[in-house]
Amino acid sequence: MNLLINAKPVIKTGKVIYLEVFGMGTGKRRPCIIFKKSRSKALLVPLSSKTLNPTNNPSVYFKGDISFAILDKAFYKCIENYRPTKLEVSQGAVADCLRFMNTF
């Protein structure tokens, strides 16, 4: 018997989920990079096609184009009820975001 059939997909750092982000358009779902904190909680960084602050928004290659990680709009959220998409950003993009976060 295969016990993995009912297992939830793993949500890990670098994966992208779509959520409404406060202050970035009411009713508009944006892609957000997951930075895993615990089994159920994560720091989420929204992506935008436009940079809001060029010195604090690292560029990220996402879905074949350049997007910007909007670090000043990052937020924590319980993610255990969300399903990850197949989309993700590279580990280099994750590292760039972390480097920028550490300079705040």
S.K.: Measuring only between side-chain heavy atoms, which start at C-beta, is Lys12 closer than 4.5 Å to Glu88?
M.R.: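 Yes, side chains in contact.
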S.K.: Quick check: do Ile66 and Tyr61 have side-chain heavy atoms less than 4.5 Å from each other?
M.R.: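 When only atoms from C-beta onward are counted, Tyr61 and Ile66 do touch, with a gap below 4.5 Å.
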S.K.: Any non-hydrogen side-chain atom of Leu87 less than 4.5 Å from a side-chain atom of Pro31?
M.R.: no
S.K.: Under 4.5 Å between any side-chain heavy atoms of Ile34 and Leu44, yes or no?
M.R.: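 The answer is yes; the side chains approach within 4.5 Å.
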S.K.: Are any of the side-chain heavy atoms of Val60 and Asp96 separated by less than 4.5 Å?
M.R.: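 In short, these two side chains do not touch, never coming nearer than 4.5 Å.
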S.K.: Is there a side-chain contact between Tyr82 and Leu19, using heavy atoms and a 4.5 Å cut-off?
M.R.: yes
S.K.: Hey, does Leu71 have a side-chain heavy atom less than 4.5 Å from the side chain of Asn53?
M.R.: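 Side chain of Asn53 against side chain of Leu71, heavy atoms only: no contact under 4.5 Å found.
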S.K.: For a 4.5 angstrom cut-off between non-hydrogen side-chain atoms, does Met101 reach Val45?
M.R.: yes
S.K.: Measure the spacing between CZ of Phe68 and CZ of Phe62 and express it to the nearest 0.5 Å.
M.R.: 14.0 Å
S.K.: Quick one: OG1 on Thr13 to CZ on Phe35, what's the gap to the nearest 0.5 Å?
M.R.: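 The OG1 atom of Thr13 sits 7.0 Å away from the CZ atom of Phe35.
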S.K.: Give a yes or no on whether the backbone of Val16 and the side-chain of Thr85 come within a donor-acceptor separation of less than 3.5 Å.
M.R.: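 Looks like yes, one N/O pair under 3.5 Å.
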S.K.: Going by atom types only, do Ser67 and Asp65 share a side-chain donor-acceptor pair under 3.5 Å?
M.R.: no
